[in-house]
Amino acid sequence: MFSAAKDLMTSKAAKAYANNVIARYGAVDELTVDSKRHRIELTVQLNGEVSPVGVTIERYAIEE
């Protein structure tokens, strides 16, 4: 339960950050973080493209 809430908040923050970073190239439509599986999935609509692009990151690691 706590993990799902944490993932939802992280996903929203990451989507806002990513949209800020890629604003000149397009926009992130969806971004989900699954911390249990260490997986991130996102869908991006790039400027000038007809279809959105899907990206899946498997087994991410956070480093300091």
Side-chain angles (χ1 to χ4, degrees):
M1 183 75 158
F2 176 72
S3 180
K6 180 183 74 167
D7 287 350
L8 181 61
M9 300 254 314
T10 303
S11 296
K12 287 185 178 193
K15 180 180 175 184
Y17 176 78
N19 271 322
N20 192 28
V21 171
I22 69 160
R24 67 189 313 185
Y25 305 108
V28 176
D29 292 333
E30 296 178 32
L31 190 148
T32 57
V33 175
D34 185 346
S35 59
K36 284 186 178 181
R37 294 173 36 194
H38 292 274
R39 181 183 176 115
I40 299 172
E41 295 184 52
L42 62 140
T43 305
V44 181
Q45 182 64 51
L46 299 173
N47 296 337
E49 292 295 326
V50 177
S51 305
V53 176
V55 178
T56 302
I57 301 169
E58 300 274 351
R59 299 182 190 189
Y60 69 84
I62 298 174
E63 299 180 6
E64 291 185 28

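- Both Ile40 and Ile22 are part of a single hydrophobic cluster, where members link through side-chain heavy atoms under 4.5 Å apart.
- Under a hydrophobic-cluster definition in which Ile, Leu, Val, Met, Phe, Trp and Tyr are linked whenever side-chain heavy atoms come within less than 4.5 Å, directly or via other members, Leu8 and Leu31 are assigned to different clusters.
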Please lay out, stage by stage, how Thr32 and Asp34 fare under the test side-chain contact (heavy atoms from CB on, under 4.5 Å).
CA-CA 7 Å; Thr32 57; Asp34 185 346; over 6 Å; no
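- If you chain together hydrophobic residues whose side chains sit under 4.5 Å apart, Ile62 and Leu42 fall into the same group.
- A distance of 12.0 Å separates NE2 in His38 from CD in Glu58, rounded to the nearest 0.5 Å.
- The two residues Tyr60 and Val33 make their nearest non-hydrogen contact at OH-CG1, 3.8 Å.
- Remark: the backbone N or O of Arg24 is paired with a side-chain donor or acceptor of Asn47 at under 3.5 angstrom.
- With Lys15 contributing its side chain and Asp29 its backbone, the two residues share a donor-acceptor pair below 3.5 Å.
- Other residues, nucleotides and ligands contribute at most 12 non-hydrogen atoms within 6.0 Å of the OH atom of Tyr17.
- For Thr43 (side chain) and Gly54 (main-chain N/O), no donor-acceptor pair under 3.5 Å exists by modelled atom type.
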